[in-house]
Amino acid sequence: MKKTYFQKKISLVTCILLLPISTTVFADGQNLLDIYHLAISKDPTLASARSSNKAVQEKLVQGKALYRPTVTFDAKADHSETDISYTGSNSIFKNGGRQSFETHGYGINVNQPLFRKQNIVQNQQAKTLVTQSDKQLALAQQDLMIRVSQAYFDFLLARDKIDLTVAQKAAIDRQLEQAKANFEVGTATITDVNEAQAKHDLVQAQEIAARNELEIKKRAIQSITGEAPEKLIAVKSDLAPTNPEPNDIEKWVEIAEQNSLAIQIQQQALELANQEIDRNQAGHLPTLDAVASYNDNRANGGVNGFGNNLQSTVVGLQFQIPIYQGGLVSSKVREAVALKQKAQDDLEVARRKADLDTRQAYLNLTSSVAQVNAYQQALVSSQSQLDSTNLGYEVGVRTSVDVLNAQQQLFSAKRDLLQARYQYLLSILQLKFASGLIAENDLAEINQQFNNLETTDTETSVVKTENVPDAVDRKSSENTSSATNEYDIDDINSAVKAWADAWSTKNIDKYFASYADDFEPPQAQTREAWQQTRRQRILKPDPISVEVGDIEISTLDEMHKNVRFKQVYNSGKISERNIKNLVMKKSDGVWLIVKETSAPI
């Protein structure tokens, strides 16, 4: 049978070979993303937020339970000893005296709420609580990015201080030895020696303090990741700072107003407060329940000397109107109204704080850009000053004290420049955090500013369409051409390109519609938290371009296909090239994503 082009293509695609692919590793230590990925799984603060979110998810189940019937079962068994006497001549009971008898029975009661306004509002509150909790979890993830970045740059600065202190001490040691030699031959005074010795002792004390600070910063990272870092990769020395885009503080404040999770959380709190007023006001309204019961009671005797067997079935409606409860309901309504005002005040606090934090972060970033440029020039000037001072010392117009002071100024300039660089990178993330836009992709962008990124060949199982022997091609075609037909190939290609197009055009609804209901978000996120993070990344101000190519399809099982392709992502200053793997399934004639992974090229 003659094979079609599509069958031949599939026969190549489904051949699984052990071939080398290029994956990014960090040969000389850990970078910012490495520490962040470690913190995602081991940070106790984030773990606490996840547990809290998981607990709040149960509110949905509890809210639905309010609409469902309650069924109770009861049973009893009694033994009675009685002694009764009758008075009066007209009594119809003649068998007085002691009686001993047993009674037993059981009953089933069913109550189905038909109208309870409290239950309706409480179910709405459950949904609001879950939405608020999802945003709190997303905020905890954003906060983790800032905490990791702060700890990472603090560690780098502490390590740099040690390096600078050691270098400064070596320079002072040379100056001290020279001062001693000059003093011995009579060309220098004891003051020069004492001055150099004092500088030496001072920098030695600074080295001790710097090493102590480094150990503290190392433990700060350990408190987040659970592991003390061995070596962290430094920032490139040719860092070129730029002002934020858009370069308008008011636009960033507007972005924060729309995207700040802290504001959104307080908005949900206000919604909860409104719902709480409705729930308490419902205490004035009547309730209607459908009730049913069945009881079976049996007794082999009684106080009158005879027993009975009674079976009863009751079905009906129970209507209740609250008339007076001591002012409890009205008091709760007033309490809820006051708490609503508190929620409004808290929302205003959150808005003002977001405004202040965004303005502060923006000004810090623009200031750090200017500081880096200024300190770079200061470093050049300090080096020139030291060179001139050394020359002046050699010809006798400058003293050793002048040399020591010039050296100290040079090392201070180096330290200030390093600190300004770290503050610049951190300020970028702080501005994104304050405006509610920070995502892992921003950490990846900062990560590009680190040294020593190397690629190595790793032997791994991949789907490859090039250089496949004919014999393998024929065998693969015979085994899989029937599993994936040409119509599926066209549909999958169209689905992948529609997914990329929705991303590029920022069509959120179309983008999320590409994912199946049972999609597994990465890093154990909830679906809501994952969607929140993706939404923030897609709706950033910068335009987005997502291109896909070299789409390769293989069969995993009867329901699922593995789709592998090259993805090129461009947005603002970010440019990424990844190998993307999607696990897709067909649902109602549409191919949807159930799992996704990626690796950088």
Side-chain angles (χ1 to χ4, degrees), residues 51-78 80 103-136 263-297 310-351:
S51 299
S52 176
N53 180 263
K54 184 177 181 180
V56 173
Q57 301 298 322
E58 295 300 321
K59 294 292 185 182
L60 290 176
V61 179
Q62 297 167 15
K64 293 177 182 178
L66 298 174
Y67 293 100
R68 295 169 182 165
T70 57
V71 182
T72 60
F73 173 82
D74 62 83
K76 64 178 182 177
D78 302 318
S80 301
T103 61
H104 60 272
Y106 67 91
I108 297 176
N109 300 282
V110 180
N111 186 304
Q112 171 63 61
L114 297 180
F115 175 76
R116 293 195 178 200
K117 182 64 180 295
Q118 300 97 318
N119 292 0
I120 297 174
V121 178
Q122 197 166 338
N123 186 50
Q124 294 171 346
Q125 284 182 306
K127 296 177 181 178
T128 305
L129 277 170
V130 169
T131 301
Q132 184 187 52
S133 179
D134 289 338
K135 295 183 185 301
Q136 288 171 338
I263 293 178
Q264 294 175 17
I265 289 170
Q266 290 303 323
Q267 288 173 337
Q268 296 298 319
L270 178 59
E271 180 64 21
L272 280 171
N274 283 320
Q275 293 168 341
E276 185 65 12
I277 293 175
D278 293 340
R279 189 180 73 84
N280 285 292
Q281 287 177 336
H284 293 297
L285 301 178
T287 61
L288 179 64
D289 298 338
V291 296
S293 65
Y294 173 78
N295 292 279
D296 188 332
N297 296 293
L310 174 63
Q311 292 84 35
S312 65
T313 301
V314 177
V315 177
L317 296 175
Q318 183 173 305
F319 182 74
Q320 290 185 334
I321 300 178
I323 297 177
Y324 181 69
Q325 300 181 55
L328 176 64
V329 175
S330 298
S331 176
K332 286 187 174 181
V333 170
R334 292 193 298 271
E335 178 188 17
V337 170
L339 290 176
K340 175 189 174 182
Q341 182 59 50
K342 177 183 180 300
Q344 289 175 330
D345 295 336
D346 290 342
L347 176 58
E348 183 61 26
V349 169
R351 284 199 175 103

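- No side-chain N or O of Asn111 forms a donor-acceptor pair with one of Thr70 less than 3.5 Å apart.
- Of the inter-residue distances, the one linking Leu347 atom CG with Lys342 atom NZ reads 11.5 Å to the nearest 0.5 angstrom.
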Could you walk me through whether Ile108 and Val71 pass side chain to side chain contact (heavy atoms under 4.5 Å, CB included), step by step?
CA-CA 7 Å; Ile108 297 176; Val71 182; 4.2 Å; yes
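- With respect to Asp289 and Arg116, a salt bridge is recorded, a charged nitrogen being found less than 4.0 Å from a carboxylate O.
- Between the side chains of Ser52 and Gln136, not a single donor N or O lies within less than 3.5 Å of an accepting N or O.
- Rounded to the nearest 0.5 Å, atoms NZ (Lys332) and CD (Glu335) are 8.0 Å apart.
- Surrounding CD of Gln311 are more than 12 heavy atoms belonging to other residues, nucleotides or ligands, all under 6.0 Å away.
- One finds the CG atom of Asn123 at 8.0 Å from the CG atom of Leu60 (value rounded to the nearest 0.5 Å).
- Between Asn297 and Gly105, the shortest heavy-atom distance links the atoms OD1-CA, 3.8 Å.
- For the pair Gln112 (side chain) and Tyr67 (backbone), a donor-acceptor distance under 3.5 Å is present.
- Taking 4.5 Å as the limit, some side-chain heavy atom of Gln267 sits within range of a side-chain heavy atom of Gln264.
- Once rounded to the nearest 0.5 Å, the distance linking CD of Gln125 with CG of Asp278 reads 8.5 Å.
- When all heavy atoms are compared, the tightest approach of Pro113 to Arg68 is CD-O, 3.7 Å.
- Partner Thr287 forms a side chain to side chain contact (heavy atoms under 4.5 Å, CB included) with one of Gln320, Gln318, Lys117 and no other, that one being Gln320.
- Taking the side chain as every heavy atom from C-beta outward, Val349 and Asp345 never approach each other to under 4.5 Å.
- Of all heavy-atom pairs between Ala350 and Gln266, the closest is CB-CG, 3.7 Å.
- Crowding of Phe73 atom CZ: a count of heavy atoms from other residues, nucleotides or ligands under 6.0 Å exceeding 12.
- Within the 3.5 Å criterion, the main-chain N or O of Glu276 finds a donor-acceptor partner in the side chain of Asn280.
- With Tyr294 as reference, Thr313 is the one residue of Thr313, Val315, Val314 to meet the side chain to side chain contact (heavy atoms under 4.5 Å, CB included) rule.
- Once rounded to the nearest 0.5 Å, the distance linking CG of Leu310 with CG of Asn295 reads 8.0 Å.
- Two residues are said to be in side-chain contact when any heavy atoms from C-beta on lie closer than 4.5 Å; Ser133 and Gln268 fail this criterion.
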Test side chain to side chain contact (heavy atoms under 4.5 Å, CB included) applied to Val291 and Asn109, step by step
CA-CA 8 Å; Val291 296; Asn109 300 282; over 6 Å; no
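- For the side chain to side chain contact (heavy atoms under 4.5 Å, CB included) with Ser330, the lone residue among Gln281, Gln325, His284 that qualifies is His284.
- A pairwise comparison of heavy atoms in Ala343 and Ala269 identifies CB-O, 4.1 Å as the closest pair.
- For the residue pair Arg351 and Ile263, the shortest heavy atom distance occurs at CA-CD1, 3.9 Å.
- Between atom CD of residue Gln275 and atom CG of residue Leu270 there is a gap of 10.0 Å, rounded to the nearest 0.5 Å.
- Side chains of Asn53 and Gln57 form a contact here, defined as non-hydrogen atoms less than 4.5 Å apart.
- Side-chain contact between Val61 and Glu58 is present, with heavy atoms from C-beta onward closer than 4.5 Å.
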